Amino acid sequence: MPRITLGNDEPFSLDQTLGCGQVFRWNHSPDGSWTGVASGKVIRCRQKGRTLSFTGVDEPFIRHYFSFDLDLLAILESVDRDPFIHAAIGQCRGLRLIRQPPWECLCSYICATNTNIPAIRRRVATLAQQFGDAIQEGENTFFSFPDPSRISCTGTASALAECGLGYREPYVFKTACDTTAHETWAENIAALPYEEARRELMKFSGIGPKAADCVLLFSFQTFEAFPVDVWIRRIMREHYLPELPPDTALTTREYDAIRTFARKHFGPYCGIAQEYIYAAREGSKT
DNA sequence: TGCCAGGATATGA
DNA sequence: TCATATCATGGC
């Protein structure tokens with residue numbers, strides 16, 4: 001089993017990274033290992049101390065996927081600007097942002113609106129099962145995440161109807177069609193500065209401000225993106241922006257006020273600060 | 001069982 | 001350019 005041994009200056013927590021809710025296709029086993037499908041391959045990972053062992057892909061893939069090329073220690077120091085984020089960093093130390101394939105990320109976050117993480121996981125898994133390629137591994141069958149053309153070219157809505165997407169179903173279908181028609185969409189997004197890339201992503205059906213920020217953060221390494229969902233809004237109101245009204249619908253103006261504050265307060269890596277705040281949110285679930 | 005959720009869209013002022 | 005209603009589903 002290949003392994004990577006990380007240095008003391010390379011914080012990494014496999015559990016935090018795969019369990020924080022940024023990806024939806026990894027499963028935790030009772031023995032502590034993780035199994036997931038990424039880029040059409042079944043991957044198994046296990047961490048013991050500073051050693052990460054893995055199967056299914058080569059070391060460069062793992063290093064790229066888990067962003068081991070990023071100096072996380074320096075990034076965390078740069079966003080560690082107050083006691084609240086300091087505690088979140090302490091609680092979730094080693095959480096790394098994964099480099100997700102753009103289409104899978106885009107599609108997953110269309111499925112992620114106004115719902116909870118277990119339901120998202122179920123939807124994404126069903127999409128893969130309905131449209132992806134089967135990967136046989138002994139007694140177990142896994143499924144690759146389908147290219148958008150698999151969804152856009154089926155012609156029938158029946159397979160998509162199996163996925164429990166609810167009102168998101170036409171959004172997934174339309175965005176699958178649009179990305180199939182524009183093969184270079186991701187390259188185009190990658191070439192744009194943050195605000196422009198955000199506006200372009202929001203042209204896809206089912207992608208609003210929050211989903212666009214998630215895709216930029218998780219697929220395009222745009223660390224200044226600061227996704228605001230109900231949890232983040234609640235926490236930001238509680239700890240940073242008390243002038244925000246209590247639990248009302250998040251308007252565009254409010255969203256912009258929050259992300260502008262975050263960019264100023266946490267700096268250019270505010271997106272990573274956001275993931276730590278989100279991952280540490282359990283304390284706010286009262 | 002009713003409320004909540006990694007919100008987006010259509011509508012009407 | 002705004003606020004507001006509505007949307008389908010599943011988890012808890």
Side-chain angles (χ1 to χ4, degrees), chain A residues 16-27 88 92 95 97-98 100 102 104-127 129-130 157-178 198-220 222-223 225-238 244-259 262 270-286:
Chain A
Q16 290 289 348
T17 299
L18 295 178
C20 73
Q22 60 175 323
V23 282
F24 307 107
R25 301 212 64 204
W26 285 88
N27 289 297
C92 305
L95 191 167
L97 292 198
I98 284 170
Q100 299 187 34
E104 179 174 340
C105 188
L106 187 70
C107 186
S108 297
Y109 279 91
I110 293 174
C111 300
T113 64
N114 198 24
T115 188
N116 51 56
I117 290 175
I120 303 166
R121 293 172 56 83
R122 167 195 276 266
R123 292 190 184 112
V124 174
T126 311
L127 272 171
Q129 195 172 339
Q130 291 288 335
S158 59
L160 207 51
E162 294 295 313
C163 300
L165 302 180
Y167 65 87
R168 309 162 192 83
E169 187 179 316
Y171 303 158
V172 168
F173 185 76
K174 185 168 191 320
T175 296
C177 293
D178 289 348
R198 193 171 187 267
R199 280 194 291 274
E200 282 303 307
L201 280 171
M202 287 169 62
K203 291 179 181 173
F204 287 119
S205 181
I207 298 291
K210 191 269 177 182
D213 279 332
C214 283
V215 172
L216 286 168
L217 184 59
F218 301 139
S219 279
F220 293 94
T222 307
F223 301 114
F226 192 87
V228 180
D229 68 346
V230 295
W231 288 107
I232 292 296
R233 183 193 185 282
R234 199 172 295 158
I235 294 167
M236 292 301 285
R237 174 170 181 270
E238 188 175 343
L244 289 175
D247 279 330
T248 54
L250 182 63
T251 64
T252 302
R253 183 183 298 178
E254 259 183 40
Y255 192 117
D256 287 343
I258 293 171
R259 69 189 180 106
C270 59
I272 290 182
Q274 189 272 9
E275 272 311 279
Y276 275 75
I277 291 171
Y278 184 79
R281 74 190 178 286
E282 294 298 330
S284 302
K285 289 182 176 178
T286 50

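These values consider heavy atoms only, across backbone and side chains, with no hydrogens, waters or symmetry-generated copies. If you're wondering where the values come from, they're calculated on a predicted model, not measured in any experiment. Each chain gets a letter, A, B and so on, in the order its sequence line appears, and its residues count up from 1.
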Task: Touch class at under 4.0 angstrom, heavy-atom based, for A/G206 against every strand present - done: sugar-phosphate
- [ ] Using a 4.0 Å heavy-atom cut-off across all strands, classify A/A249 as base, sugar-phosphate, or nothing.
- [x] nothing
For [X] and [N], give me the distance from atom [atom1] to atom [atom2], rounded to whole Å.
X      : N     : atom1 : atom2 : value
A/L250 : B/dA5 : CG    : C1'   : 14 Å
A/R233 : B/dG7 : CZ    : P     : 13 Å
A/E169 : B/dT9 : CD    : P     : 16 Å
A/R253 : B/dG7 : CZ    : P     : 22 Å

- [ ] Grab the two heavy atoms, one from A/C105 and one from A/C214, that are nearest each other, plus how far apart they are.
- [x] SG-O, 4.3 Å
Pull out every protein N or O sitting under 3.5 Å from an N or O of nucleotides 11-13 of chain B, one pair per line with the distance.
none

Task: All side chain to side chain contact (heavy atoms under 4.5 Å, CB included) counterparts of A/R122, not counting sequence neighbours - done: A/T126
- [ ] Identify, with sequence neighbours excluded, every residue that meets side chain to side chain contact (heavy atoms under 4.5 Å, CB included) alongside A/A125.
- [x] none
For nucleotides 6-10 of chain C, list the nitrogen or oxygen atoms of the protein found under 3.5 Å from its nitrogen or oxygen atoms, one pair per line.
unit_1 : atom_1 : unit_2 : atom_2 : d
C/dA8  : O4'    : A/Y167 : N      : 2.8
C/dA8  : N6     : A/N114 : ND2    : 3.4
C/dG10 : N2     : A/N116 : ND2    : 3.3

- [ ] Report the secondary structure of DNA chain C in dot-bracket form, marking unpaired bases with a dot and bases paired to a different strand with |, and treating Watson-Crick or G-U pairs with both distances under 3.5 Å as paired.
- [x] |||||||.||||
Task: Contact nearer the 5' end of DNA chain B, comparing A/I232 with A/F204 - done: A/I232
Open item on the list: Please compare A/I207 and A/G21 by the position of their nearest nucleotide in DNA chain B and report the one closer to 5'.
Closed with: A/G21
Using distance only, find each side-chain donor-acceptor pair of residues 199-207 of chain A under 3.5 Å and give its atom names and separation, not counting sequence neighbours.
unit_1 : atom_1 : unit_2 : atom_2 : d
A/E200 : OE2    : A/K203 : NZ     : 2.7

